[in-house]
Amino acid sequence: MADFREIEKKWQKVWQESRIFEADPDNRQKFFITIPYPYLNGNLHAGHTRTLTIGDAFARYMRMKGYNVLFPLGFHVTGTPIIGLAELIAKRDEKTIEVYTKYHDVPLEDLLELTTPEKIVEYFSREALQALKNIGYSIDWRRVFTTTDEEYQRFIEWQYWKLKEMGLIVKGTHPVRYCPHDQNPVEDHDLLMGEGATIVEFTVIKFKLEDEDLVFPCATLRPETIFGVTNIWVKPTKYVIAEVDGEKWFVSREAYEKLTYTEKSVKQIREVDAREYIGKYVTVPLVNRKVPILPADFVDTDNATGVVMSVPAHAPYDYAAIEDLKRDEKRLQEFGIDRSVVENLKPIVLIGTSELKGVPAEEIARELGVRSQKDVELLEKATKTLYKKEYHTGVMLENTMNYARMKVSEAKEKIHEDLIKAGLADVFYEFSEKPVVCRCGTKCVVKVVRDQWFLNYSNREWKNKVLNHLENMRIIPNYYKEEFRNKIEWLKDKACARRKGLGTRIPWDKEWLIESLSDSTIYMAYYILAKYINEGVLKAENMTNEFLDYVLLGKGNAESAANSAGLEKDVVERIRADFEYWYPVDLRSSGKDLVANHLLFYLFHHVAIFPPEKWPRAIAVNGYVSLEGKKMSKSKGPLLTMKRAVQQYGADVTRLYILHAAEYDSDADWKSREVEGLANHLRRFYSLVKDHYLKQQQRMTMLDRWLVSRMQRAIREVRDAMDKLQTRRAVNAAFFEVMNDVRWYLRRGGENLVIILDDWLKLLSPFAPHICEDLWHLKHDSFVSLESYPEFDESKINEEAEMAEEYLKRLIEDIMEVKKFVEGAKEVYIHPADEWKIEAAKVVIDSKDVGEAIKKLMQDEEMRKIGKEVTNFVKRVFKDRKKLVILNEKELIEKNSDFIESETGLKLSLDSSKVPDEKKRVAIPGKPAIYVL
RNA sequence: GCGGGGGUUGCCGAGCGGUCAAAGGCGCGGGAUUUAGGGUCCCGUCCCGUAGGGGUUCGAGGGUUCGAAUCCCUCCCCCCGCACCA
């Protein structure tokens, strides 16, 4: 039995020595394909294997189609996880040690050494390189690099200078989840609770107290309802009066605490009991109406400011609370509120929708059966439903001043902005879910970080440029184009500076490091430079801005670029020529996890920095890989490393399996049992080819022509699938379906298998390159990896042969079907359809309807004689007329009688006289009468 | 909530107006074999059927059509993203 690992190693070595995947400009058309460089806080795993194998299969395919293919790869190490990992290992964190020894397959003694980021980078890049070589990717390894390389950092600095010049990097302030204890922003995986929480922006409308300089900041998500405010709510409990940016605010204690993390200057003045203010009046800004402060229990002091405005017409909670209060004589007395005050709180309807008449909140509360403000579940539902309806279909009514007739969705934004501009409102950030708790056990808050560097992705012009270019791009699968459109719209400014991590410092503000997704946007251009860097021709000190401007953007001239760089002019020109030749990237193939981040930034930065002809041409997206139905996790396991998969199953098995496991962005599941099965298939393939490949080709039979014809169909299918990057379909057609045809062929006694083997090996070579290379060399001296991919040749399609084989398959099936019903069956008599039926069938095939067919047939005297039978035949056959097959059945059966006999185990005879008439009658062309005895 | 994808026969998964009881793989059952229970090759695998046939299926319910897994509408359910993290 063939040892695949031996074969694979052999050819990997030969490929490397022959440098067949090292790509340099020549006169062929180029194809530049890239895969996002892997992040090295662990070993490469099945997820990387999938993305990279798709890329490699496509690279190989394109190479065989005659393109000069550049397929490079580097390693990503900037950011925080590697530092975090080093700390964990240094700390001897048990869980980490377990995961890294058990799943990442790092030997314990090696692992314990990895206590600094540098050692980790060194170790895992070495491991990755080995794994990638073991699986035999056709990567041009002369261009490998790591993102902490000095030269790479120089390249990043250059990029950031460019963006800065263009005004695309701005200073800004933004809210983050923040742990007061750690004094650090927290990421999802740093959280104990509240991973799903998002930061919600409340509008805080400032209601001024009558006769006193005190602001009641009412937090709301529906600022447009300000026109319907009848009162405000506080909870009868302790609050705080604080100085906030020079104003005196009345807020809950929790709110005060939160305010201290914002960019506002805050100072507590004193604690107060809300009761002191209940019954007093405040002024509704903008509308200048005086409304009372009233008590309500539903108010959550831990949500925003702890003060809310009441809009009974549109907020079910407010409506219910007012109704409660009306009924609660005791409470009114307790707070000294005159009954009439509450009775006078009439809902003010300010939004119109087609569906909701009257007072919407009242209607909906009644519909759902809300009894009091304590019916929290019902009220939540009512609030949601109402909000949804009004937001999407509502229109502002006449009582909303100059917002009248605006759509609610628009008015909301507008009012929010206008109020803030006028100093009548502010913003308050709050979590959408609570609590949010840090791993250290501390409750997190929203902190507003100021003066950070941002990539100005919200910039309309920048967005439009990306959006426009997207329309010219090929996105695979194509429905992702819509996804990209939406994501581009949704993208906001992104903080690109960090305080900790590995990476490049912002060149004009060295306090900050460039965030690790922000330094991975246009690095594909760096592959051009990397070759020269690795050759020692180019060093960091040569890479001046002027030099990079010239080689990457064509700015300035070679002469002065060379001077600035301290390089020979011809070197500079060569690098420039390389870049001109290879750029842009023709295909970037990536996992779908990068859609909403990296791939977006990739587009934004290319569009900003390079001229249009250098913008990306195509993006392909693929799904994840799970393990026996379980999600893989780098940090928790389970995980299957690339290296282990190759060790266990072999490179080609791994590749073929992963390519066939799923299509496009659907997720693949790695089932070791199926992988074993595939390994068997491949071994069978190997020995099959080996047994036949060197045989002398013999005279072509009809069956051989059938095989060739089928091979042509496979070629067409595979090419079509690969052109769309459908690797699953391609492997299915190239491997499994051809295999099935070959099986049939051999069963039929075919002896000329060799006629398709060259094509088959070429066809399969992008998917199982080692085995194909090995087999190919049984007969050839060239590399199958560099052969041209089989072309579909219409002239080799043989419809007749295909029909004949189909006919035989069907016939044998039918005989077996009938045989089931005959005990001790020994013989089969076959009577193909009579001559007149064939004539009639020909007419039927060309007729539009039954009537026309019969009319035509009845013109023939012979047909008329058996008119009734003809009519019945036509009626019976018409519906499936496309299935009618006209061929010389008798001859075909005679020629293949041995085969039919051996397949069915019956003695075959064409002696029609033995077939009863009622059987003969059912025969139609392509489906003879069968009589089994 | 918003956006994107999806629900197909035991499982994975193709099909996306007729060629569909629906490819292929896996699993399962049976047979063959120079049969070691693991390899290979056949056959079967929704239900019924002593003649190649019939019946019922493709999340649910309506509709369009001569004809729907495939098109339209409504509903239910599942997955992914929503960020400063690679």
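Please read all numbers here as calculations on a predicted model, not as lab measurements. Note on naming: letters A, B, ... go to the chains in the order of the sequence lines (proteins, then strands), and numbering restarts at 1 for each one.
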Student: Pick base, sugar-phosphate or nothing for A:E737, based on heavy-atom distances below 4.0 Å to the nucleic acid.
Tutor: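 If one applies the 4.0 Å heavy-atom cut-off, A:E737 turns out to touch the sugar-phosphate alone, with no base involved.
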
Student: With heavy atoms under 4.0 Å as the rule, sort A:H660 into base, sugar-phosphate or nothing.
Tutor: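 Since no nucleic acid heavy atom lies under 4.0 Å of A:H660, the category is nothing.
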
Student: Any protein N or O atoms within reach of nucleotides 53-57 of chain B? Criterion: under 3.5 Å, listing atom names and distances.
Tutor:
none

Student: Distances for protein N/O vs nucleotides 71-73 of chain B N/O pairs under 3.5 angstrom?
Tutor:
none

Student: Using atom CD of A:E717 as one end and atom P of B:G15 as the other, report the distance to the nearest whole Å.
Tutor: 10 Å

Student: Side chain of A:E483: nearest nucleotide among B:G3, B:C41, B:A86?
Tutor: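 From the listed options, B:G3 comes nearest.
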
Student: Paired with B:G3: which nucleotide, if any, by Watson-Crick or G-U wobble criteria at under 3.5 Å for both distances?
Tutor: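 B:G3 is paired, partner B:C80.
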
Student: CG of A:L688 to CE of A:M739: how many Å apart, nearest 0.5 Å?
Tutor: 5.5 Å

Student: Just checking A:K634: base, sugar-phosphate only, or nothing, at a heavy-atom cut-off of under 4.0 Å?
Tutor: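 Answer is nothing: A:K634 stays at 4.0 Å or more from every strand.
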
Student: Centroid separation under 6.0 Å, is that true for the rings of A:F601 and A:H605?
Tutor: no

Student: Can you confirm whether the side chains of A:R50 and A:H45 place a donor and an acceptor under 3.5 Å from each other?
Tutor: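 Looking only at side-chain atoms, A:H45 and A:R50 do not form any donor-acceptor pair under 3.5 Å.
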
Student: With a non-hydrogen cut-off below 4.0 angstrom, is A:R747 in contact with a base, only sugar-phosphate, or nothing?
Tutor: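 Sugar-phosphate contact only - A:R747 comes under 4.0 Å of backbone atoms but never of a base.
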
Student: With a 4.0 Å cut-off on heavy atoms, is A:P916 in touch with a base, just the backbone sugar-phosphate, or nothing at all?
Tutor: nothing

Student: With a non-hydrogen cut-off below 4.0 angstrom, is A:N680 in contact with a base, only sugar-phosphate, or nothing?
Tutor: sugar-phosphate

Student: For A:S590 and A:Y602: C-alpha separation, side-chain torsions, deciding distance, then whether side chain to side chain contact (heavy atoms under 4.5 Å, CB included) applies.
Tutor: CA-CA 12 Å; A:S590 155; A:Y602 165 67; over 6 Å; no

Student: Distance between the C1' atoms of B:U19 and B:U70, in whole angstroms?
Tutor: 14 Å

Student: To the nearest angstrom, how far is A:I658 atom CD1 from B:G25 atom P?
Tutor: 20 Å

Student: With sequence neighbours excluded, tell me which residues meet ring pair (Phe, Tyr, Trp, His ring centres under 6.0 Å) with A:F735.
Tutor: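 Only A:F685 meet the ring pair (Phe, Tyr, Trp, His ring centres under 6.0 Å) criterion with A:F735.
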
Student: Hey, is the side chain of A:R498 poking within less than 4.0 Å of OP1 or OP2 on B:C85, counting only N and O atoms?
Tutor: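 Checking A:R498 against B:C85: at least one side-chain N or O falls below 4.0 Å of OP1 or OP2.
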
Student: State the pairing partner of B:A60; accept Watson-Crick or G-U wobble contacts with both distances under 3.5 Å, and report none otherwise.
Tutor: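 Answer to the pairing question: B:U74, which forms a Watson-Crick or G-U pair with B:A60.
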
Student: Could you walk me through whether A:E224 and A:E413 pass side chain to side chain contact (heavy atoms under 4.5 Å, CB included), step by step?
Tutor: CA-CA 8 Å; A:E224 75 280 10; A:E413 292 296 315; over 6 Å; no

Student: Measuring from A:L455:CG to A:C496:SG, what's the distance to the nearest 0.5 Å?
Tutor: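 Going from the CG atom of A:L455 to the SG atom of A:C496 covers 4.0 Å.
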
Student: Roughly how many Å is it from CZ in A:R683 to C1' in B:U40, rounded to a whole number?
Tutor: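 Atom-to-atom, A:R683 to B:U40, this comes out as 12 Å.
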
Student: For A:R673 and B:C26, is the shortest distance between a side-chain N/O and OP1 or OP2 below 4.0 Å?
Tutor: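 For A:R673, the contact criterion (side-chain N or O under 4.0 Å from OP1 or OP2 of B:C26) is not met.
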
Student: Kindly point out which of B:A86, B:A23, B:C12 is positioned nearest to the side chain of A:N732?
Tutor: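 The listed nucleotide nearest to A:N732's side chain is B:A23.
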
Student: Checking side-chain polar atoms at under 3.5 Å, does A:Y100 have a donor or acceptor matched by the opposite partner on A:N43?
Tutor: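 No.
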
Student: Nearest-Å distance, CD (A:E813) to C1' (B:C43)?
Tutor: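 After rounding, the gap between these two atoms is 11 Å.
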
Student: Just checking A:F736 against A:H660, ring centres under 6.0 Å apart?
Tutor: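 Yes, the ring of A:F736 comes within the 6.0 Å limit of the ring of A:H660, centre to centre.
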
Student: What nucleic acid atoms does A:I815 come within less than 4.0 Å of, heavy atoms only: base, sugar-phosphate, or nothing?
Tutor: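 No contact.
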
Student: Assign A:V595 to base, sugar-phosphate, or nothing according to its heavy-atom contacts below 4.0 angstrom with the strands shown.
Tutor: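 Here A:V595 touches no strand at all.
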
Student: With rounding to the nearest 0.5 Å, note down the distance linking CZ in A:R655 to CG in A:L659.
Tutor: 7.5 Å

Student: Rounding to an integer number of Å, can you tell me how far A:L517 CG sits from B:C84 P?
Tutor: 11 Å

Student: Without decimals, in angstroms, what is the distance between A:D493 CG and B:A83 C1'?
Tutor: 13 Å

Student: So, A:K630 and A:D669, do they make that salt bridge, N to O below 4.0 Å?
Tutor: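 Here A:K630 does not pair with A:D669 in a salt bridge, since their nearest N and O are not under 4.0 Å apart.
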
Student: Would you measure the distance from the P atom in B:U40 across to the matching atom in B:A22 and give it in whole Å?
Tutor: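 Roughly 27 Å separates the two P atoms.
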
Student: Would you mind classifying the nucleic acid contact of A:V176 as base, sugar-phosphate or nothing, using non-hydrogen atoms under 4.0 angstrom?
Tutor: nothing

Student: Between the side chains of A:N680 and A:R683, does any donor sit under 3.5 Å from an acceptor?
Tutor: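 Yes - a donor-acceptor pair under 3.5 Å links their side chains.
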
Student: Here's a test of your reading of the structure: between A:N486 and A:H681, which maps to the more 5' nucleotide of RNA chain B?
Tutor: A:N486

Student: Have a look at A:A661 and say if it touches a base, only the backbone sugar-phosphate, or nothing, with a 4.0 Å heavy-atom cut-off.
Tutor: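 It contacts nothing in the nucleic acid.
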
Student: Considering every strand and a 4.0 Å limit on heavy-atom distances, what is the contact class for A:S666: base, sugar-phosphate, or nothing?
Tutor: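 The answer is nothing, as A:S666 stays clear of every strand by at least 4.0 Å.
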
Student: Please name the nucleotide paired to B:C16 by Watson-Crick or G-U wobble geometry with both distances under 3.5 Å, or report none.
Tutor: none

Student: Using purine N1 to pyrimidine N3 plus N6-O4 or O6-N4 for Watson-Crick, or N1-O2 and O6-N3 for G-U wobble, each under 3.5 Å, what pairs with B:G38?
Tutor: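 Here B:G38 is not engaged in any pair, so there is no nucleotide opposite it.
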
Student: Measure CG/A:D741 against C1'/B:G24 and give the value in whole Å, please.
Tutor: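 Interatomic distance, CG of A:D741 to C1' of B:G24: 13 Å.
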
Student: Classify the nucleic acid contact of A:A596 as base, sugar-phosphate or nothing, counting any heavy atom under 4.0 Å across all strands shown.
Tutor: sugar-phosphate

Student: Within the 4.0 Å heavy-atom criterion, would you say A:Y479 contacts the bases, only the backbone, or no part of the nucleic acid?
Tutor: sugar-phosphate

Student: Using Watson-Crick or G-U wobble geometry with both distances below 3.5 Å, tell me the partner of B:C26, or none.
Tutor: B:G10

Student: Give a yes or no on whether the ring-centroid distance for A:Y37 and A:Y523 is below 6.0 angstrom.
Tutor: yes

Student: Which of the following nucleotides, B:G52, B:U50, B:A86, is nearest to the side chain of A:I930?
Tutor: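 Closest nucleotide to the A:I930 side chain: B:G52.
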
Student: How many whole angstroms separate atom CD of A:E628 from atom C1' of B:C12?
Tutor: 13 Å

Student: Just to be sure I understand the rule, does A:K487 reach a base, reach only the sugar-phosphate, or reach nothing, if contact means heavy atoms closer than 4.0 Å?
Tutor: base

Student: By nearest heavy atom, map A:D665 and A:S516 onto RNA chain B; which one lands nearer the 5' end?
Tutor: A:D665

